[in-house]
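Just below is one structure, and these are the notes that go with it.
Every chain is numbered from 1, with letters handed out A, B, ... down the list of sequences.
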Amino acid sequence: MPRRTYNIAMVCDFFFPQPGGVESHIYQVASKLIDRGHKVVVVTHAYDDRKGIRYLTNGIKVYHVPFAIIYRSASFPTVFSFFPMFRNIMLREQIEIVHGHGSLSSLCNEGLLHARTMGLRTVFTDHSLFGFAEAGSILTNKLLKFILSDVDHIICVSHTSKENTVLRAALDPLMVSVIPNALVSENFRPLNYPTEPSAPGAGFGHNPPTAHHLGPNDPVTIVVISRLFYNKGIDLLTASIPRIIMNHPNTRFIIAGSGPKAIDLEQMIEQNVLQDKVEMLGAVRHEQVRDVMVRGHIYLHPSLTEAFGTVIVEAASCGLYVVCTAVGGIPEVLPSHMTVFAKPEEDDLVLATGKAIAALRANRVRTEKFHDQVKVMYSWSNIAKRTERVYQGISGDISETEFYGYETADSAAWGATSRSGVRSFALIDRLKRYYGCGIWAGKLFCLCVVIDYLIFLFCEWWWPRDQIDTAADWPRKHFEDSDED
Amino acid sequence: MLTTAPHLHIRRPSPTTTEFTVSTLPPQTLPLRLLLAVVNLLRLLLGITVLLVLYAKWSLYSPYTAPASPPEALSLASLANALQHVLDSAPGRLAQRAAAGTPAWALGPAALAALYAAVRRVHAAESLLVLRGLGIQTSSSGATVLGAAATRFIPTEKIQDVLINEAFRGFEVRHYLIVVVDGEEDVVVVFPKLLPRRDVVERVWRGVRGCLFDVKPRPKDDDGQARGNGRRTNGKI
Amino acid sequence: MPEHDGLMRVFWPTDIATSDLPGVIVGWRNSGLDVVVVAVLDHVDPKSVEGALKAGILLRGAPHDLDRIERLCGHSSMHVLGVTNPESAPEGKFIIEPSWVLATTGPSLRVPKVKCQVASSVQTISFERPIPNRMQYISLDPMALALADKGDPSLLSVSDGSDAEDEKQERRHRQKRRQLVDKLKLHSVVKHAPSMKDKALSRIVNQVNWAWELEHLMQKNVSLIGTRPKRTLSVSERVVEQATTMRDDAILWVWDKIIFYVFPIVRRIFILTLVSHRAAAEIFLMILEWRLRPSSPALKDISATAQQIEIRLQQFCYWPMQYVKLRLRKNDWASVTTSHPDYIRFYNSLWLVANDVIIGIAIGSYIIDNAGWVADQIGLLLRQYTVEALHSSIEWLMGWPAGLKLNKELALFLGDLFLWVIEYWSSCITTLQPLLPHIIWFIGFSSFAGASMPIAMFSDLVSILTIHIYSFYLASARIYHWQLTILLSLFQLFRGKKYNVLRNRVDSCDYDLDQLLVGTILFTLLFFLLPTVVVFYLNFAVARMAIISLKAVFDTMLSCLNHFPLFALMLRVKDPRRLPGGIRFELRDTQDRLKLDSNSSIAFSSHPPTSVIYLKPIPLSFTAMFHQYFQMGNRIRKHYLSPRVLFCLITGRFVPPIHRKVLYSLQYSMLPAKRADIIQMWDALNSLPAKKRPLGIYPYGKQFINMPSLPNGRRANGRRGAP
Amino acid sequence: MASRTGPQPAANPTQREASFPPLTRSATLPDISSSPRTSRSHLAPEDAFLAASPPRQLNGFESNAASHDSGAESRLRRLRSKLGSRSRSRHRRRRRTWKKILWVKQSFPDNYTDATTFLDSLQRNPRLQPYEFWPLVADTTVIVQQVCSVTIFVVCFVGIFTERVSPVTIVGWSSFATFLGWLLWDWWIGQEGEDEVLQRQNSLRSRSARQARQENARNSTATTTPSAASSVTNLGSTERTQSQGNLVAMRQHHGGSATSLQSSTSHNSHQGRHGEPQDGPSHRPSSPLRGGRLGLRLSTIKSAILIYFTILGLSPILKSLTRSTSPDSIWAMSFWLLAINIFFYDYSGGVGVKFPASLSTNAALMASTVLASRLPSTGQVFSLTLFSIEVFGLFPVFRRYARHRSWQYHVALSVLLVIGAGGGVGLILSDRKDGTFPWRSGLLGVLVGVLIAVMAMGASSWWLIGLQKYKNAMNGPWDAARPIIMSRRQWDDG
């Protein structure tokens with residue numbers, strides 16, 4: 001059958017001009033989806049002078065909804081007042097699928113709720129991990145449960161993240177797909193990539209003229225690029241840098257990024273005099289990351305929690321040997337010959353770094369081949385393709401059997417018919433789903449949903465659909481579905 | 001039922017001169033005319049009444065008393081005399097009673113509101129006049145019947161672009177036509193008050209480009225426009 | 001003509017005489033089919049007119065040099081644009097060129113019917129000519145009442161912190177916008193080069209402004225072309241002519257004598273006195289603007305009176321220059337519109353000063369008449385509000401006011417302190433009391449120099465007589481601020497934290513026992529003493545604010561007296577066309593014309609589609625006139641009603657009064673940024689052209705005089721040419 | 001979820017039993033992140049689930065597992081059951097095994113869920129420590145001590161306020177007691193000097209690490225009596241109930257007593273380092289040098305004199321400070337301040353902790369200042385303030401040392417305090433007859449006080465143990481790992 005193309009709305013608080021992982025993820029997926037012939041609009045809140053409607057390259061249309069911002073990241077939860085505007089946008093863009101990103105973005109949560117009320121298909125992508133111990137995460141988990149208990153499909157960026165989400169929101173695992181992040185591998189080339197042929201022959205020979213080849217006594221440079229926050233494990237870093245340098249005096253550190261922990265690092269540098277060994281660059285923009293990375297041989301990633309860890313993929317793609325803590329989804333991201341894993345402990349981190357340095361010195365790792373391997377592993381077009389499959393699945397364009405991979409027969413055994421394929425939009429079914437969310441929370445959620453539905457009816461009456469004129473479409477690309485990658 | 005949704009009316013006596021008028025005035029039918037006449041009459045009466053009441057209020061406090069002898073015509077005194085006569089009439093006494101009854105702090109705002117209602121325009125009309133070789137002139141009728149239409153003329157060589165943009169307004173997203181003026185910070189919004197719907201705006205847009213730059217509107221231009229407007233202007237109304 | 005897109009554009013003055021006789025249309029041809037009609041000459045031959053135009057015969061006897069016309073209107077000479085009522089002309093009278101305009105005029109038609117052989121469509125833009133002698137003109141953009149020679153610098157010179165940073169961020173914002181606008185320039189979907197017609201607009205505006213003068217000049221010279229029977233005068237007429245000429249000669253002789261011998265002396269004396277005054281003014285100004293350090297405020301920044309005097313002197317220094325400029329205008333074409341704003345500004349300031357003086361005389365006479373009473377009133381007010389009110393309020397604060405839990409001892413202490421100062425001050429006041437009537441009398445006397453003077457003096461008087469409140473405010477604010485800061489840092493200690501300057505954050509720190517002890521006890525102390533201090537501080541802060549607002553009222557009155565656009569308002573009422581605020585077009589319904597076409601004649605059956613447009617000037621809007629008032633209001637609001645000021649008030653920091661420069665930028669906006677020094681003035685005054693023989697302006701005047709009788713005169717020679 | 005919660009429990013009870021083994025197996029899998037904690041200081045999860053070890057908790061967890069149906073465990077059980085029922089059908093289709101990696105494109109759909117590995121590394125209640133009764137009771141003594149000292153202070157204030165007791169006697173006795181306490185403390189310090197000297201010579205990091213180790217050694221010697229060990233153990237949990245900022249974090253990931261104490265001492269060591277530059281009267285054990293003990297004494301005396309004169313100077317101002325304020329507001333304020341003092345007091349502080357929670361100390365001091373400002377005469381103000389310093393500033397240090405020295409001292413001290421507080425309250429509450437000292441009410445007060453104390457200790461311990469069975473923590477790789485860092489403090493701004 002001919003491939004259907006969809007009108008998709010990406011709803012998230014985090015989007016350009018603010019830099020970040022989620023932002024670039026949304027942007028890349030959107031542009032690749034547009035390449036595949038879909039129509040994508042992004043709905044986010046207004047940044048300081050960015051109100052209104054903008055177009056990005058490749059025809060991504062961005063709605064910067066003017067709303068109260070509590071601070072730079074998240075917009076104020078304007079529970080229902082966002083609905084009329086949201087509905088207007090959805091109608092004028094003729095949206096079929098609403099795709100929310102980031103469980104912390106209230107805009108996304110509201111968008112998904114309203115979208116369900118309006119009877120649109122919804123997909124949710126979870127970018128982050130949440131523990132169960134902290135008091136704060138209890139609330140967020142309840143909220144997530146509220147939102148996700150009616151979403152058609154969920155996308156997680158790693159299997160760990162999938163397990164986490166399934167537990168948090170009490171979901172059917174089959175509703176959760178794992179689609180990793182990717183990177184634009186052209187932007188993360190090794191230093192002298194174009195000159196060096198990507199054939200494996202180059203790696204052989206005892207001293208190939210690669211930048212990463214190390215003589216016995218030329219310094220090893222370790223790069224750290226991360227926002228300097230506690231959960232990025234900067235304390236570990238601060239603790240282990242002096243010891244690493246003590247054990248391997250011929251190493252340099254390049255630390256890029258800014259944050260509250262920067263002061264601790266500086267103090268460490270001053271306390272044991274390391275000004276000539278450790279270089280702190282401060283914040284670097286995303287397009288400069290590659291230039292910083294290629295200055296080093298090892299990428300050190302001491303994070304304490306990480307859903308996916310795009311940055312280590314980028315580092316590997318830049319031909320760096322990656323030393324990282326085995327937390328979150330990180331162990332799934334890279335093959336073992338590119339990485340050295342460490343426990344989130346100071347001693348183990350020092351140990352692992354030592355191993356990495358030793359391996360580099362002995363030329364046991366062919367970092368020059370990393371780039372091509374990573375290029376094969378992760379590409380946004382592939383991500384977009386898999387995302388598109390999710391869309392097809394939820395809008396019933398491919399059969400449940402194919403999508404969920406089991407016969408509806410035995411699925412009937414455990415009564416999942418309501419969720420199989422498409423979720424029914426009937427208010428009563430939705431209320432059923434919400435009601436199961438908890439003793440008190442369930443009732444509260446039901447109340448919210450009912451109010452939302454009433455507001456929806458009011459909107460239908462006050463701003464009738466025929467009064468809303470549809471926006472002009474960007475010229476669709478014509479994409480022949482070629483099954484490469 | 002006095003007004004309708006804004007609709008477009010085009011006058012082009014010659015191919016090089018076009019005037020696009022968007023107004024909320026419904027097509028003139030007899031009942032409508034009658035209705036309008038009645039409404040205007042009522043407003044007139046309202047205005048007169050308010051003025052009368054105000055004068056009564058004033059005359060309550062003013063020491064001025066009408067002179068016994070009839071003053072010569074066409075003088076302030078005669079005017080005051082006439083007003084006195086009006087006040088002595090039945091509606092005048094009623095007005096006096098009303099004035100005496102209401103306190104000043106209540107009377108002032110009420111009178112202002114009533115006067116505003118009396119002079120408010122019923123139909124808004126905004127127009128765009130395109131003269132090839134001269135430029136574009138936007139004009140929008142004032143809020144009250146007293147105020148004249150505010151016009152803005154933009155010579156052709158200062159017109160950088162004419163394009164359709166989208167922006168949030170209230171709870172909805174509207175299309176609107178803007179003129180980008182060379183070297184000015186703010187774009188000029190055409191039909192700022194009425195903000196007609198997309199089809200109207202697009203017709204006007206094609207008409208303007210056809211009349212001003214003598215380009216035959218092609219469908220591709222629309223996308224060109226769309227691409228154009230989006231990338232740069234942050235649509236604030 | 002190289003290019004024409006078949007669009008004929010005719011600018012047609014509505015108020016030229018429209019006869020149904022055949023005539024020649026003369027005017028400017030800006031480009032192919034883009035013409036501005038200046039005049040219609042009846043009963044002349046187009047070719048001869050063309051020749052005359054080439055030879056400049058028609059402009060003979062022009063009062064001023066002709067190249068200004070070329071510079072402003074963009075063409076060396078006018079052309080024959082076409083003919084009117086060709087059909088009513090005798091056959092073969094002239095050959096019609098294809099690009100000519102064939103217009104049908106007549107008393108019945110307000111707008112001529114225009115057609116052209118090459119034109120596919122016609123725009124007839126009919127305009128009413130502005131009359132230059134009445135200083136009417138049209139312009140594309142509104143005229144500027146304020147001097148444009150200084151924008152930001154005057155503001156940037158304001159360098160007291162808050163305003164400076166306000167300005168800075170404002171400038172940053174402006175620059176951001178500028179970048180946005182530049183980006184906007186980069187982007188354009190379809191570029192098209194503006195056609196000749198588009199570029200011509202500014203020139204056309206000038207031509208329209210010139211149309212009246214040129215038309216009259218030409219009508220005067222029409223008699224020079226076209227052959228006319230030269231009839232000789234009769235004897236009696238000659239006698240009369242002789243006599244008149246003799247009388248004229250006599251008068252002229254006397255007049256010349258006066259001009260050549262007496263006038264220069266008078267003029268020279270006048271100039272000398274003027275310059276000497278100017279020198280004196282210069283000295284005064286130097287005194288007023290002297291500041292011992294560039295940062296420290298000058299005298300005029302401190303006192304309103306000095307400011308006022310300075311403004312007046314500045315105006316005085318500027319007037320001669322303005323006058324000279326206006327005089328120079330006299331011996332140029334009347335249609336040169338560059339100097340009209342100067343004219344308005346000049347007379348505006350004159351008017352204002354006159355007004356000021358008139359009101360001032362009234363006030364002054366009143367004050368002088370009963371100076372004693374006024375003095376008593378003022379003394380009473382002073383005592384009542386600056387001494388007794390304060391006194392009572394402080395007493396009220398010393399006893400526990402309004403259930404406020406004040407610390408008795410501290411309240412007593414502070415109260416006694418302030419009371420003592422107040423006592424001292426009031427004693428000073430009482431010693432000053434007998435002087436007051438003299439001061440008042442002096443003020444009243446000064447107000448003969450304008451009502452603004454006593455107001456300024458009063459505002460100064462207020463600021464002098466309330467110094468004690470100011471000082472109280474300062475003192476209490478200091479105490480309060482100090483206590484607040486200590487409390488904050490002690491609170492950190494109380495929480496077992498301390499503010500780390502290096503990290504610029506609060507981090508935990510453990511103190512020793514004695515530190516904890518002393519810190520805590522002090523914290524408790526200050527915490528319980530705070531309300532008392534707050535109350536006193538608030539008391540004086542309120543008083544201070546009241547005084548500031550009073551002075552603000554004075555300043556507003558001053559600015560009204562000094563800069564009210566009185567003259568402009570009057571002009572706006574009298575003759576709006578002297579204050580052009582732009583132009584606007586009106587599209588006229590052409591239905592009636594078409595109807596008329598259909599039934600009138602066969603000649604117009606082949607009429608191109610025509611749109612009749614009226615070009616009308618927009619008078620300057622009132623908002624534009626009062627624009628600077630709005631600006632000043634914004635500036636004051638931004639200075640006083642900003643959260644920053646509120647924060648300062650709350651934390652007890654000193655709220656700086658708004659800088660006079662900012663406040664008075666309005667007054668200065670009519671004056672040049674830097675005044676012309678004496679030498680320039682001397683040169684300017686001497687550069688005034690010595691009066692030539694008044695005959696020089698006679699023709700102008702005469703033509704001006706018999707202008708109304710013009711049409712029938714033309715009708716006459718027309719009749720003469722008929723047979 | 002509603003669609004499942006409804007039919008689920010009734011639908012197939014068999015699956016629940018079926019789902020136990022994989023659950024426990026998965027939960028007991030030794031995972032990487034928890035390997036450092038395999039010290040025997042805490043129970044392994046299987047103790048919790050199979051309910052093997054202490055028999056007391058058997059029913060507790062049984063009932064827990066049974067009662068919590070909407071809880072995460074049952075949810076998990078359901079998930080697994082589904083996966084089991086489903087993956088069978090899938091394994092028929094797919095041969096190649098699925099690996100939990102992202103960097104190869106496997107021939108499985110994105111939403112494929114592998115039954116064997118899914119939620120493998122999930123573990124519940126990983127570091128659960130069952131409380132025992134007596135240690136808990138032993139721990140509560142610390143709190144009882146603090147409460148009692150506060151009570152005694154209040155009693156003294158009331159005494160002074162109602163002029164039953166002359167302030168001078170109070171100050172005199174308390175000062176004398178303080179002096180004795182200081183002598184004793186000084187002597188203890190003297191015994192501990194040597195290790196400190198050793199530590200001085202090393203660099204900061206090694207020093208603190210070593211100090212940590214030595215502290216361990218000392219503790220292991222000092223805590224031969226099991227009660228003490230478990231006492232420190234359970235402190236973590238007691239705090240966790242009254243959630244206390246960083247210390248919770250510190251405790252939560254350190255299982256046993258050894259680690260906990262170690263971390264606490266590492267904490268201390270840093271703090272000692274932190275407090276070094278300002279050498280005021282340092283009550284900390286680490287004296288600069290052996291000869292420095294003299295300097296330490298001198299500085300202590302100096303600060304004592306400083307305090308003395310400060311109070312002397314400030315008391316006249318304090319006297320009139322809050323006269324205009326209404327008394328009841330003062331009572332309320334001081335009550336809240338004292339409550340703050342009790343709640344924010346650092347009960348777990350090791351010996352080295354100088355004034356760990358200066359908030360509580362400050363609150364107490366402020367309370368005493370506020371109360372003192374109600375007193376009529378300067379002398380009373382002075383004496384009360386001084387007394388408050390002795391009670392709230394110095395006495396805790398002494399108590400901490402006493403507990404650290406030996407358990408007997410601790411118990412004796414607490415008993416004394418309880419008796420004193422009870423007696424004092426009794427005396428205060430007794431209607432005052434002229435002159436005669438109300439023995440009876442005093443004794444009554446003592447009895448009641450002891451009774452209340454015992455009751456409270458027992459009840460709170462029971463309550464805590466009862467609470468513990470509701471604990472259900474799920475951990476897995478998604479949790480933010482807690483970095484184990486030897487050399488640096490990491491709790492100041494996490």
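Under the 3.5 Å distance criterion, with hydrogens and angles disregarded, no donor-acceptor pair is assigned to the side chains of B:Ser14 and C:Ser121.
Between B:Arg132 and C:Arg9 the shortest heavy-atom distance is O-NH1, 4.3 Å. Taking each heavy atom of C:Lys199 and B:Glu157 in turn, the nearest pair found is CA-OE2, 4.0 Å.
Distance check, rounded to the nearest 0.5 Å: CZ of C:Arg588 to CD of B:Glu19 gives 11.5 Å. The line from CG of C:Asp141 to NZ of B:Lys158 is 7.0 Å long, rounded to the nearest 0.5 Å.
For a residue to count as touching a neighbouring chain, one of its non-hydrogen atoms must lie under 4.5 Å from one of that chain's; by this rule B:Leu134 touches chain C with backbone and side chain alike. Heavy-atom distances place both the backbone and the side chain of B:Leu131 under 4.5 Å from chain C. Interface remark: C:Arg584 contributes backbone and side-chain atoms alike to the contact with chain B (heavy atom separation under 4.5 Å). Residue C:Ile204: no heavy atom, backbone or side chain, is found under 4.5 Å from chain B.
C:Arg203 CZ: more than 12 foreign heavy atoms inside a 6.0 Å radius. With a 6.0 Å radius and a threshold of 12 heavy atoms from other residues, nucleotides or ligands, C:His173 has its NE2 atom at or below the threshold.
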Note to self: Set out, in order, the CA-CA distance, both residues' side-chain angles and the distance that settles side chain to side chain contact (heavy atoms under 4.5 Å, CB included) for B:Phe153 and C:Leu201, then state yes or no.
What the structure shows: CA-CA 12 Å; B:Phe153 173 73; C:Leu201 188 57; 3.8 Å; yes
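Within the 4.5 Å cutoff, side-chain heavy atoms of B:Asp186 are placed close to those of C:Arg177. Put simply, the side chain of B:Pro13 reaches to within 4.5 Å of the side chain of C:Leu587, judged on heavy atoms.
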